[in-house]
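Written below as structure tokens is the structure these notes are about.
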Amino acid sequence: MRDVFSAPKGVPDYIPPTSAAFAHVRSTLTRAAELAGYGYIELPVFEDTALFSRGVGESTDVVTKEMYTFLDRGDRSITLRPEGTAGVMRAVIEHSLDRGSLPAKLYYAGQFFRAEAPQAGRYRQFHQVGIEAIGIDDPALDAEVIAVGDAGFRAIGLTGYRLELTSLGDANCRPAYRALLQEFLAKLPLDEATRTRAELNPLRVLDDKRPEVRALVAEAPLMVDHLCDACREHYELVKGYLTELGVKFVENPRMVRGLDYYTKTTFEFVHDGLGAQSGIGGGGRYDGLMAQLGGQELSGVGFGLGVDRALLAAQAEGVLPEFSRVDVIGVPLGEAARARLVAIAGELRAAGVRTDLVYGGRSMKAGFKAADKSGAKLALVLGERDLEAGNIGVKTLATGEQVTVPLADVVEEVRKAL
RNA sequence: GUGGGUGUAGCUCAGUCGGUAGAGCACUGGGUUGUGAUCCCAGGUGUCGCGGGUUCAAGUCCCGUCACUCACCCCA
């Protein structure tokens, strides 16, 4: 084999026909956001490194060991965005969207980057569709955000996932709980790495997958049992609204997210058909983030949905439709016919019909093979005899039926037959 | 960063006891002059991941290395 270039480690290429399914999944998710009144925001894929270290949190793995960070030509520290919320908050503050009508409801779609060891469903460049509702702390908004994610996955056709929900408390009640949990964890015979994690972010120990650790923390105190009155009421209301919305959920009081900014409502969409990387989306409310990034003291709520993983889930469930790239393909017999079909293809495209031609002066048989493989519904067959008669053949490839129509009417006839 | 698995044609893979590499699919052309999917015929490619070692002889055995992959960790 020749020495050819390959894509960087852990970076997926999506090529036809899979790329059509990928685009479909992404647009289905963004459509769900649009249906709830979220406006599109287009942001850079790199930002000031400090935006993420301060926004996402210094104690997270994302910041400590997974960021693509480099110095640009002006010796500024730049980082390829590892998640979407910090950038949205930066833009909201910079453009004073928080001074307008609230909540500011925004959605985005694009690439994100984390330098992890790749494995099934985990890439170094991955795609997310995300939404953020900023500026109002209303449990109904939490429920809306969750429902939008759920609606997006449903619209793709997914059914094999569950929504896990919990509350992480807020600045009033979490510090006390955190101390309580740390006290509990300090008494356990944990290995060194886990002990370090217990100091840095004790909640994360509750989410450990190793059976021996799970057993150790089985009796650990849980945040949901130590919520302050305000957080408890908020959580109860979110659950009530979700029920109103018909969104099913299960409570998972041990759920922890990888980003430090979450408070109160926190959720994750988990799919069982994907192997180890089972989270297809997640999010929650973040009370302190905007102030942390130099903005007002305003709360927000949002999610990030994994497009790559949603695609894997859809493939695993077998719910993706077939995607064709063209509707009509012209099969020319001879030079004069080719010239005429080139013109007809232009007319059809202008009329909104996806049209391709068989190129390369191939034989009739090869032409029809190519037409068959194109996935087109109709083939336009044109030869010298038809030209003289002023006709063209319109063939339905699936059935083999062919009708002859006047050349002058071809666009109209094609549109009728599609 | 830590473990396991796998590297042979564009793809999926076979290759026995060491004897200089095969199948299917895909692709292209043809099967009588204007009709595809089935069928038949024909056509091509490999530094057997890479580097060393053992041997008369290595895809096959040994060592190293790289890549891919799955899992841990973490997460979309």
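Lettering of chains follows the sequences in order, A, B, ..., and the numbering in each one begins at 1.
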d(CZ, A:R26; C1', B:A76) in whole Å: 15 Å

Sugar-phosphate, base or nothing in reach of A:G130, heavy atoms under 4.0 Å: nothing

Base B:G36 to side chain A:K395, donor-acceptor N/O within 3.5 Å cut-off: yes

Sugar-phosphate, base or nothing in reach of A:D308, heavy atoms under 4.0 Å: nothing

B:C73 base / A:Q119 side chain donor-acceptor hit below 3.5 Å: yes

Summary of salt bridge (Lys or Arg N to Asp or Glu O under 4.0 Å) pairs that have at least one residue in residues 123-150 of chain A, sequence neighbours excluded: A:K105-A:E144, A:D137-A:K264, A:D137-A:R285, A:D142-A:R285, A:D150-A:R154

B:U16 and B:U8, which share atom name P, separated by this distance in whole Å: 16 Å

No-hydrogen, no-angle side-chain donor-acceptor test under 3.5 Å, A:T166 and A:N252: no

Six-ring centre of A:Y241, A:K239 cation under 6.0 angstrom, axis tolerance 45°: no

Residue closer to the 5' end of RNA chain B, A:P8 versus A:L305 (nearest nucleotide): A:P8

Given RNA chain B, 5'-ward residue of the pair A:L397 and A:D207, judged by closest heavy atom: A:L397

d(NZ, A:K65; C1', B:C72) in whole Å: 11 Å

RNA chain B stem ranges, 3 or more consecutive Watson-Crick or G-U pairs under 3.5 angstrom: B:1-7 with B:66-72, B:10-13 with B:22-25, B:27-31 with B:39-43, B:49-53 with B:61-65

Separation between OG of A:S53 and CG of A:D48, rounded to the nearest 0.5 Å: 8.0 Å

Pairwise P distance for B:G4 and B:G43, with rounding to whole Å: 47 Å

Span that lies between the P atom of B:A9 and that of B:C48, in whole angstrom: 10 Å

Separation between the C1' atoms of B:A23 and B:G18, rounded to whole Å: 23 Å

Between OH on residue A:Y161 and CG on residue A:D272, distance to nearest 0.5 Å: 12.5 Å

Pair A:E401 + A:K395, salt bridge at N-O below 4.0 Å: no

Atom-to-atom span, CD of A:E83 to P of B:A76 - whole angstrom: 9 Å

Sugar-phosphate only, base, or nothing, as touched by A:G383 at under 4.0 Å among non-hydrogen atoms: base

Parallel, tilted or perpendicular: ring planes of A:Y286 versus A:Y261, cut at 30 and 60 degrees: perpendicular

Rounded P spacing from B:C70 to B:G64 in Å: 25 Å

Sugar-phosphate, base or nothing in reach of A:G121, heavy atoms under 4.0 Å: base

Phosphate OP1/OP2 of B:C27: any A:K373 side-chain N/O under 4.0 Å: yes

Touch class at under 4.0 angstrom, heavy-atom based, for A:E384 against every strand present: base

Sugar-phosphate only, base, or nothing, as touched by A:T60 at under 4.0 Å among non-hydrogen atoms: nothing

Distance in angstrom units between A:M364 CE and B:G30 P, rounded: 12 Å

Sugar-phosphate only, base, or nothing, as touched by A:Y123 at under 4.0 Å among non-hydrogen atoms: base

Sugar-phosphate, base or nothing in reach of A:R204, heavy atoms under 4.0 Å: sugar-phosphate

Spacing of the P atoms in B:A71 and B:C41 (rounded, Å): 44 Å

P gap between B:A26 and B:U32, integer Å: 22 Å

Touch class at under 4.0 angstrom, heavy-atom based, for A:A120 against every strand present: sugar-phosphate

C1' atoms of B:G49 and B:U60, separation to the nearest Å: 16 Å

Sugar-phosphate, base or nothing in reach of A:A376, heavy atoms under 4.0 Å: nothing

Touch class at under 4.0 angstrom, heavy-atom based, for A:R362 against every strand present: sugar-phosphate

Spacing between A:K365 atom NZ and B:A42 atom C1', to the nearest angstrom: 12 Å

Ring centroids of A:F126 and B:A76 base under 5.5 Å with planes under 30°: yes

Geometric class of the A:Y107/A:Y40 ring pair [parallel <30°, tilted 30-60°, perpendicular >60°]: tilted

A:E116 CD to B:C70 P, straight-line distance once rounded to whole Å: 14 Å

Distance test, side-chain N/O of A:S363 to OP1/OP2 of B:G30, below 4.0 Å: yes

Distance-only side-chain donor-acceptor flag, A:E251 / A:Y235, under 3.5 Å: yes

Close aromatic pair by centroid cut-off 6.0 Å: A:F323 and A:H24: yes

Interatomic distance, A:K369 NZ vs B:G31 C1' [rounded to whole Å]: 11 Å

Length of the line joining A:F269:CZ and B:A76:P, which is rounded to integer Å: 13 Å

Among B:G36, B:A76, B:C72, the one nearest A:L259 by side-chain distance: B:A76

Any N/O donor-acceptor pair, A:R122 side-chain to B:C73 base, under 3.5 Å: yes

Sugar-phosphate, base or nothing in reach of A:A370, heavy atoms under 4.0 Å: nothing

